[in-house]
Structures are given as structure tokens and as C-alpha cells.
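One structure below.
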There are 2 protein chains.
Amino acid sequence: MTLLTNAEDIAAILKTISPPTRLAILLAIGEGEACVCHLEAVLGKRQAYISQHLMALRQSNVLLDRRDGRFVYYRIAEPALLDLVRGAGRLAGVDTAAPVVPAVCECPHCSEQKPGYRKCAATSDNATQNQ
Amino acid sequence: MTLLTNAEDIAAILKTISPPTRLAILLAIGEGEACVCHLEAVLGKRQAYISQHLMALRQSNVLLDRRDGRFVYYRIAEPALLDLVRGAGRLAGVDTAAPVVPAVCECPHCSEQKPGYRKCAATSDNATQNQ
DNA sequence: TCGACATATTCAATTTTGCGAATATGACAA
DNA sequence: TTGTCATATTCGCAAAATTGAATATGTCGA
């Protein structure tokens, strides 16, 4: 209705996606989809921490999730949201191209060609657990 | 460089413009310019409070200011920033058209046709001072 | 059913931020 | 130079957000 009311609605969206970790998640997912272990590997953050942000983004209808066996895949609900983030990226002067990180994680989605199940690289012992 | 570093740069911009009052300021200014007393009248907030946000937006190079006598006029530095806000507005399902509030304030910029100086309506006694 | 693995949730704490009150600065008229 | 008006700045606190640690849930193979 009023200008400030509108501003509050807009603020709600921006606030939801603003935390760096969430922006990184959105950029990592891009127009595709990603499981939690994949994001874990790409971002170098702990699983529980990433999951928290995913939950917040899901509850705000920014992300949609799809379960496949043990894995849960997330994708961006509205393409315009990605445009928004990339637009902000241009303003910030950063490269917002989808990160080229093929098969960091060994979930079936990342390495479909491999037969059988192999545990996700992100949680294997040799993976560096920073933060 | 890294995905998270980029995300932090983007977050800096979004964080700066996210507070509702600042979004309202940006929408109120639009592609034009506005003095503080005008924003005061449109937003219905106290002068000191608005000035704080203006200062933050100026220090982040979101806004540019221009002094004309006692009045200081603000304008959006980068048109893409306004596009960003309006894009977010579309996502939020709100109308982000420039608010139609002609001459709320009686600064010379708002009422150029009027001869002589008249104090800004926003701080006159009959103006409702909420917040 | 048991164990391993992927993911979700809860809890607490540090840090940030929104926002008000009070006050300062700067310009112009008389 | 004194007063008025427009705007800027500083200070402080209550509220909220980010994030870590610990733990729970759910799925699947053996």
C-alpha cells in the first residue's frame, strides 16, 4: 500500500538472500540443482551450517527441494531471483558466472557415470574441514 | 576470487540497500532527486533518522548529494541500482512505480513556481510527527 | 534390525544493526 | 552576529541475525 509497506516486502526478500553464504549457495546452484554435500564441498563449510541456510531459503520459497534416496537436491524456485543476484554481482563488479566445479562431490548426481554407490567426497576423511 | 569472496561483495551492496527505510528512500527518489525534507514528508520519519540512512547510502556510493543553498538534494548514483530494487519489487509482487506525491514538501525544488522562500512543510507545526 | 551416511533441527552465544534522543554544523535573512 | 531553518553526526541500547556445537531424523544396504 504505502511506500514503506512496499519497501518492507522488498526488504524481506533481500534480507533472506543477503547473507554471503546464501548468495554463494544461489550462485553455486545456478540454473541447475545441487545436493547438500555438493554445496558443502564447493563452499568449504560444515554440513549443518549449510543446511540451516538451505532451510531458511526453502521456508522463504527461494529454493525448492527434491529428495532422491538419501540425497536432497535443491534448485532455485524463481529464475528471476538468480537474475537479481547476478545483477547485484555486476554492480559489485564480480564475476557471477556459474562456478566451474565439476563433480566435486561424488553423489550420483555429480558422477552418474560411475556405477554403484560411493560416499560423498565432501565428508570423506581427506576432505579439508575448515570453519 | 573464490565463490564466497564474490558472495561477500554482493552481500555488501544488498546489505546496504536492504533496510526498508533505505529501499523506500531509493523508490522515492527514483530517477529524479529529492531533498531531505521531501523524504521526511513522504516517509513520515524523523529528519535525523532519514539523514542517518542517507549518510550510509552516500558512504557506500549508492547516493550522490548536491547542495543548493540550505537544501541538499540526493540522487541515485547508478541507474542499475534502481533496476535492482524494482526487480526485487517485482519478485515481491509490489508496485515499484515512482510514488505520485507531488510537492509534499515546499522546498524550492518541489514548488518552483512559488515565489520567495517558504519553510519546508515536513517540519511545520501542523505536520504529523510520527515515530 | 543394525550400522553407515546424507541431511535436518535445536540451542546458545557473539556480533550486528535498527532506531531513538540529543546535539552539532552549515546556510541564509535581518 | 544573531536567529531560524535544513541537514549532519554522535551515542547508546534493545532486538535480531549470523554462525558454531551438539544432536536428531531419515534412507538404504547387509
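Not measured: the values here are computed from a predicted model. Reminder, nothing fancy here: chain letters follow the sequence lines and each chain counts from 1.
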Using atom [atom1] of [X] as one end and atom [atom2] of [N] as the other, report the distance to the nearest whole Å.
{"X": "His38(A)", "N": "dT7(C)", "atom1": "NE2", "atom2": "C1'", "result": "16 Å"}
{"X": "Gln52(B)", "N": "dC11(D)", "atom1": "CD", "atom2": "P", "result": "13 Å"}
{"X": "Tyr49(A)", "N": "dT10(C)", "atom1": "OH", "atom2": "P", "result": "18 Å"}
{"X": "Asp68(B)", "N": "dA27(C)", "atom1": "CG", "atom2": "P", "result": "12 Å"}
{"X": "Met55(B)", "N": "dG18(C)", "atom1": "CE", "atom2": "P", "result": "12 Å"}
{"X": "Leu54(B)", "N": "dA8(D)", "atom1": "CG", "atom2": "P", "result": "6 Å"}
{"X": "His53(B)", "N": "dT7(D)", "atom1": "NE2", "atom2": "C1'", "result": "15 Å"}
{"X": "Arg58(B)", "N": "dA8(D)", "atom1": "CZ", "atom2": "C1'", "result": "8 Å"}

### Message
Is the shortest side-chain heavy-atom distance between Leu81(B) and Leu26(B) below 4.5 Å?
### Response
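No, their side chains stay 4.5 Å or more apart.
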
Please determine if a side-chain N or O atom of [X] lies less than 4.0 Å away from the OP1 or OP2 oxygen of [N].
{"X": "Thr21(A)", "N": "dT19(D)", "result": "yes"}
{"X": "Arg22(B)", "N": "dT17(C)", "result": "no"}
{"X": "Arg70(B)", "N": "dA29(C)", "result": "no"}
{"X": "Tyr74(A)", "N": "dA8(C)", "result": "yes"}
{"X": "Arg46(A)", "N": "dG20(D)", "result": "no"}
{"X": "Lys15(B)", "N": "dT17(C)", "result": "yes"}

#### Entry: N/O donor-acceptor pair, side chain Gln47(B) with base dA8(D), under 3.5 angstrom
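Such a pair is found, so the answer is yes.
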
### Message
If you assign each of Asp65(B) and Pro20(A) to its closest nucleotide in DNA chain D, which residue comes earlier from the 5' end?
### Response
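The answer here is Asp65(B).
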
### Task
For Pro19(A) and for Ala48(A), find the nucleotide of DNA chain D with the closest heavy atom, then tell me which residue's nucleotide is more 5'.
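The residue mapped nearer the 5' terminus is Pro19(A).
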
### Query
Are Leu82(B) and Leu43(B) connected, step by step, through hydrophobic side chains (Ile, Leu, Val, Met, Phe, Trp, Tyr) whose heavy atoms are closer than 4.5 Å?
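Per the 4.5 Å side-chain linkage, Leu82(B) and Leu43(B) are co-clustered.
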
### Task
Kindly compute the distance separating CD (Glu8(B)) from OG1 (Thr21(A)), expressed to the nearest 0.5 Å.
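The distance works out to 8.0 Å.
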
### Query
Counting side-chain heavy atoms from C-beta on, which of dG20(D), dT9(C), dT9(D) comes nearest to Ser51(B)?
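Nucleotide nearest to Ser51(B)'s side chain: dT9(D).
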
### Query
In terms of side-chain heavy atoms of Cys37(A), which of dA21(D), dT7(C), dA27(C) is nearest?
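Nearest listed nucleotide: dT7(C).
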
### Query
Under a 4.0 Å N-O cut-off, is there an ion pair linking Arg66(A) with Glu33(A)?
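Between Glu33(A) and Arg66(A) there is a salt bridge, with a charged N closer than 4.0 Å to a carboxylate O.
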
### Task
Answer yes when Glu31(A) and Arg86(A) have at least one side-chain N-carboxylate O distance shorter than 4.0 Å, and no when they do not.
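Yes, charged N to carboxylate O under 4.0 Å.
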
### Query
On DNA chain C, nearest-nucleotide positions of Gly69(B) versus Gln59(A): which is more 5'?
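Whichever sits nearer the 5' end wins; that is Gln59(A).
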
